[in-house]
Amino acid sequence: MSERPRLPTESGVPDGFQYMHPAYIKNFGNWAYHDRPRPGVLHHVAKSGDEVWTVRVGTQRQLGPYEINLLCDIIDKFADGYVRFTIRSNMEVTVTDEAKVQPLVEAFEDAGYPVGGTGNSLTMISHTQGWLHCDIPGTDASGVVKALMDELYDEFRREEMPNRVHMTTSCCQINCGGQGDIAINVQHTKPPKINHDLVANVCERPSVVARCPVAAIRPAIVNGKPSLEVDEKKCICCGACFPPCPPMQINDPEHSKLAIWVGGKHSNARSKPMFHKLVAAGIPNNPPRWPEVTEVVKNILHTYKADAKNWERIGDWIERIGWPRFFELTELPFTKFHIDNWTGARKSLNASTHIRF
Ligand code: SF4
Ligand code: SF4
């Protein structure tokens, strides 16, 4: 055995300083204040007296070579050649000369890229990978975003909401979706269909059994071959068994729907972080424009805009007016399926790695 210590392999993100605008590096940690001269433009003043203006631009996130070249040409020609992406797929382009701001804004807007997403706007929707990159999605999260943002374009460019609005989409029920003021998530409504011929070759059965949060999967012998079976009365259609065992197909063009959740937020500003709650379910997963989703989202957004007080996030607004009033105002149907207070979850949810049958 080698005597050399086993060193970790560094595979994290590269050091961000090498890509930063020189004004950021020079004034790192020494900023005096910031303001917003107009929607989509941030202005930071350093204690040294240096000033920077940052133009925020919405992108479609999944950029091809044409879009990347187009945007880089604008950044090289009208700005200082530095750009960063925010977690919601907005680009931020910084300049140190105020005179460059307006031509930069115009160049982006002429190319079809909106400037906005700051302050009390509807900023870009953060979305998961969808059909393009992931192997388990039930919908195209980025497609839902495109369809929605086409309709909500002006809310991105203005700062007219009571507070900022963060929307998210997620293309399965279990993995990378985040909390959002409004979240659009896949909702499976039928248990998985099992292709028994493939299970023994493809799936590690104990790990699939352990993965089910309600212990609905059991090992079984089907047609003389080792396979699995699902207790459909227990199954909550979460889809967690499908990633480790693709023969347990749960995606379905008719029965995989979309659900809308509201009132979640990560931030501690003004009120505590909140979990979002289900308000609309069983919405058709209807590509390429998802009109039924857009209608519900616009309804919620416009009701919030009209009724909330200044600085209330969607969750704060609903806490003040109460859920009954929320459903009255939005005219969304309220059903028994909206209620889950997790009473009994200790028994029904698989809270340990123990396998129970
Ligand atoms: S949300 Fe689920 S399906 Fe979508 S990218 Fe993440 S893991 Fe894949
Ligand atoms: S993992 Fe989820 S979808 Fe699969 S059987 Fe269990 S509850 Fe049903």
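Order of listing sets the numbers, starting from 1, for every ligand and every atom in it.
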Quick one: which of Q173, Q187, H188 gives a side-chain hydrogen bond (donor to acceptor under 3.5 Å, both in side chains) with S256? H188
Nearest-neighbour protein heavy atom for [atom], which is reported as residue plus atom name and distance:
atom: atom 7 (S) of ligand 2; answer: I236 N, 3.4 Å
atom: atom 8 (Fe) of ligand 1; answer: C134 SG, 2.2 Å
atom: atom 2 (Fe) of ligand 1; answer: C172 SG, 2.3 Å
atom: atom 5 (S) of ligand 1; answer: Q129 N, 3.3 Å
atom: atom 4 (Fe) of ligand 1; answer: C171 SG, 2.2 Å

It should be assessed whether the SG atoms of C203 and C245 lie less than 2.5 angstrom apart. yes
Do [X] and [Y] get their side chains close enough for a donor-acceptor pair, meaning under 3.5 Å?
X: T59; Y: S89; value: no
X: S48; Y: N27; value: yes
X: T118; Y: E159; value: yes
X: H196; Y: N223; value: no
X: W311; Y: N120; value: no

Under 30°, 30 to 60°, or over 60°: which ring-plane class applies to F334 and F327, parallel, tilted or perpendicular? perpendicular
Contact atoms of ligand 1, heavy-atom distance to [X] under 4.0 Å:
X: S170; answer: 1 (S)
X: T128; answer: 1 (S), 4 (Fe), 5 (S)
X: N175; answer: 2 (Fe), 7 (S)
X: I136; answer: 3 (S), 7 (S), 8 (Fe)

Given a cut-off of 2.8 Å, the protein N, O or S atoms lying below it from atom 4 (Fe) of ligand 2 are C241 SG
Do you see an N/O/S atom of C176, backbone or side chain, under 2.8 Å from atom 2 (Fe) of ligand 1? no
Matching residue for P247 among D197, N195, V208 - test: side-chain contact (heavy atoms from CB on, under 4.5 Å): N195
side-chain contact (heavy atoms from CB on, under 4.5 Å) with K298: of L301, V296, T294, only one passes, and it is T294
Counting from 1, what ligand 2 atoms have a heavy atom of V214 closer than 4.0 Å? 7 (S)
In plain terms, say whether R320 and D316 are close enough for a salt bridge, that is, a side-chain N and a carboxylate O under 4.0 Å apart. no
